[in-house]
There are 2 protein chains.
Amino acid sequence: MNETIHGMPPTLHDVAREAGVSLATASRSLNGSTRKVNETYRARVLEAAERLGYVANLSAQSIAKGTSSTLALIVSDIADPYFSSIASGVVRDAEQLGLVSTIGITQRDAKRELDIVRTLRGQRPRVVIVAGSRFVDAELDEQLTRELEAIRNLGGRVVMVSQRSLPFDTVQIDNHGGARDLALALVERGYRSFAALTGVSSLMTARDRLAGFRAGLAEHGLELAEERVFESDFTRDGGYDAGGRMLERGIDDIDCVFAVNDVMAVGAMSRLREEGVDVPGRLAIAGFDDIATARDVTPALTTVRLPLEQVGAAAIELATAETDGHAIVTISGEVVVRESTPQRG
Amino acid sequence: MNETIHGMPPTLHDVAREAGVSLATASRSLNGSTRKVNETYRARVLEAAERLGYVANLSAQSIAKGTSSTLALIVSDIADPYFSSIASGVVRDAEQLGLVSTIGITQRDAKRELDIVRTLRGQRPRVVIVAGSRFVDAELDEQLTRELEAIRNLGGRVVMVSQRSLPFDTVQIDNHGGARDLALALVERGYRSFAALTGVSSLMTARDRLAGFRAGLAEHGLELAEERVFESDFTRDGGYDAGGRMLERGIDDIDCVFAVNDVMAVGAMSRLREEGVDVPGRLAIAGFDDIATARDVTPALTTVRLPLEQVGAAAIELATAETDGHAIVTISGEVVVRESTPQRG
DNA sequence: CTGTTAGCGCTTTCAA
DNA sequence: TTGAAAGCGCTAACAG
């Protein structure tokens, strides 16, 4: 591992010279797929490469081959456990495949997402996984679709992680079904008057979950009045805030609150605790996602478990599979009842 | 935004032809730094690029310029809030600088970390930020240093986020000092007999925090016997597990437990709760990091706040500053006392 | 200020 | 099998 003392990295050229073979032979020995190289030469090349500490320049490879070894992952917020779990699965599997993972963060801003995808084209990524939430905005969807199609035209695979909405392979998360099941489970446990804390209505995920929850309630002839739906950011602080607004309005006619995701639920629980509201004694609460923290808050949070790391794996699988570009893999959640929603008299 | 209908992406060549100028002029208009292009031409080029939906091929740029626009971030585990917070800060600032962030996950495996850094060389990254924990292993440190030096020799900036141990610019986190302060604060609040839950001793972070904690106790003539130190994984489940072992041993002679990071503390709290131990009534607990969840568990967790996103920002700053390659920025933590360690009789 | 032309490091025909 | 040589898309001298 004798690095070139000089500033310049050893190139394939150096390796070839060192090994006394041609550039082509060196290339074939080091990276060529179908081995058609004399073992003696091959060994000499490998040895020379080792000695020089040679590592192929990926950029050069990309441009020579016309295809990169990059996987681009787009998430809303990497500090959010929902996305970091997915990212964890994606990056791990990508490494397995020899793909370098790049990451883009949209901060839940549709415009930004578009910008990111646009610059992504410059990377000529082999795979793009868009895990950020979809927005309810036909215009932006249209543009995003065009950008993603452009990437696909360049040979990149595009996989969406979200509800099915854009014409690409997608790992669909059954938000509606999960929320519906949760509603059924809660009614089953004796709850009757609900409130909801939700993200801004332009987020499809928030919408779908709320709609699913309502559908579940409807099956029991219950409904969730608009005035009991508190909209805020799709974050812990958003939940904290929405919880506060709910308290201001008054909770006399509420026995259970559904937060459309766990981080909001957790934020709301903290707010309720601060305001002296007994959870679950006075008010039960449930979330969605089953992030790690759900087990660790007190009371432990009832939620809908989503196999998040598996979602990442599924996305990669889809990206490497032969599909017509419109394949859908649905991941369903499973209701996990914990102490935050005890059986109710 | 008329994409080329064909499979091939528009190249700079296409843009130049379309605009009726030379390749060089097109390049200068689009990316050249010092503007020396007639406004008319420039406009024509921009317009043509827009029309064709041209986006420069980053790989080609990298190789032509001899320098990439990649920032490589290495973390132990992106699903861990400690690292995802840092990553969040890093990626955000990197985007500002027009750098593409790639991410590598070591899974707290020193060998793996070395592999990752090695393959990183292929990217010829402009910046490498190593945020994974350091290990107590001179041999591996030696090798890692060599690899990182190789990257630096190629013009890449290397920044470590951790204790100061390798000869690179580093954002040093004052683990020792923070833990010491925490110990002092706990003694101040009346605690006298401590136990500790810690990560494997080969992790420098775990070591330093434990040492700092002991140093703080020592200032009051207290000590932490080895038999009250429970070693496990540096994760939530590790804390859960270590907490269990502590209970098995018996906690009659313990009034406060220090977990070397918040996720372990949170795991331990869950275990204690499950086993019916009243926290903080019977046993107080404190952590380190101040992850978001620390506020949301019950009781809220006393900890040492580390400005994590700021750590990421500091790393980028160091990477873009003029340094001798041995600069150190120290980030100190601040004790945050919450309900998990009430004042004691 | 603009265009021509040589590379950047690597892969891949195409002959030998 | 191996090597020579022609690119891949872009930038950066170097002349005009």
Side-chain angles (χ1 to χ4, degrees), chain A residues 4 6-45 48-49 52-70 121-126 154-155, chain B residues 4 6-45 48-49 52-70 121-126 154-155:
Chain A
T4 339
H6 222 59
M8 293 287 81
T11 76
L12 186 57
H13 201 100
D14 300 327
V15 175
R17 189 160 32 65
E18 183 83 7
V21 301
S22 77
L23 212 60
T25 300
S27 170
R28 291 194 270 253
S29 307
L30 257 15
N31 322 301
S33 42
T34 39
R35 44 155 67 207
K36 345 170 127 191
V37 176
N38 180 315
E39 260 314 321
T40 319
Y41 281 176
R42 178 191 211 71
R44 248 168 44 203
V45 171
L52 296 175
Y54 170 79
V55 175
N57 184 321
L58 282 184
S59 293
Q61 287 195 153
S62 296
I63 149 172
K65 299 216 249 232
T67 163
S68 81
S69 54
T70 297
R121 294 238 311 271
Q123 297 179 35
R124 304 289 188 272
R126 203 146 82 201
L154 307 188
Chain B
T4 339
H6 223 59
M8 292 289 82
T11 78
L12 187 57
H13 202 99
D14 299 328
V15 175
R17 190 161 30 68
E18 183 82 7
V21 301
S22 76
L23 211 60
T25 300
S27 171
R28 290 194 271 252
S29 309
L30 257 15
N31 322 303
S33 42
T34 38
R35 43 156 67 208
K36 340 169 129 194
V37 176
N38 180 316
E39 259 314 322
T40 320
Y41 281 175
R42 177 190 211 72
R44 265 196 358 230
V45 171
L52 296 175
Y54 171 78
V55 175
N57 183 321
L58 282 184
S59 293
Q61 285 192 155
S62 296
I63 151 175
K65 297 215 249 228
T67 162
S68 81
S69 54
T70 296
R121 293 237 314 268
Q123 296 179 35
R124 302 293 188 274
R126 196 139 95 195
L154 308 187

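None of these values were measured; they are calculated from a predicted model. Quick note on labels: first sequence line is chain A, next is B, and so on, each numbered from 1.
Under the side-chain contact (heavy atoms from CB on, under 4.5 Å) criterion, B:L30 pairs with B:L12, B:V15, B:V45, B:L46, B:A49, B:Y54, sequence neighbours left out. Residues meeting the side chain to side chain donor-acceptor pair (under 3.5 Å) test with B:T70, sequence neighbours left out: none. Shown here are the side chain to side chain donor-acceptor pair (under 3.5 Å) partners of B:S22, two or more places apart in sequence or in another chain: B:T25. By the side-chain contact (heavy atoms from CB on, under 4.5 Å) test, A:S59 is found to be paired with A:N57, B:S59, B:S62, B:I63, residues two or more places apart in sequence or in another chain being considered.
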Protein within reach of the bases, or only the backbone? For nucleotides 8-16 of chain D, mark each nucleotide 5' to 3' as B, S or -, using heavy atoms under 4.0 Å.
BBBBBB---
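In this structure the side chain of A:R124 reaches within 4.5 angstrom of the side chain of B:P9, judged on heavy atoms.
One interatomic measurement links the two molecules: CZ of A:R17 to P of D:dG3, which rounds to 15 Å at whole-angstrom precision. One atom, CG of A:L30, and another, P of C:dT11, lie 8 Å apart when rounded to the nearest Å. Rounded to whole Å, atom C1' of C:dC8 lies 13 Å from atom CG of A:D14.
Note: A:L23 CG to A:R17 CZ = 11.0 Å, rounded to the nearest 0.5 Å. Distance CZ/B:R121 to CG/B:L154: 6.5 Å, rounded to 0.5 Å. Note that CZ of B:R126 is 7.0 Å distant from OG of B:S68, once rounded to the nearest 0.5 Å.
Overall, the helix from C:dC1-D:dG16 to C:dA16-D:dT1 carries an axis bend of 40° between its ends, with five pairs at each end and the value rounded to 10°.
OP1 or OP2 of D:dG3 has at least one side-chain nitrogen or oxygen of A:T25 nearer than 4.0 Å.
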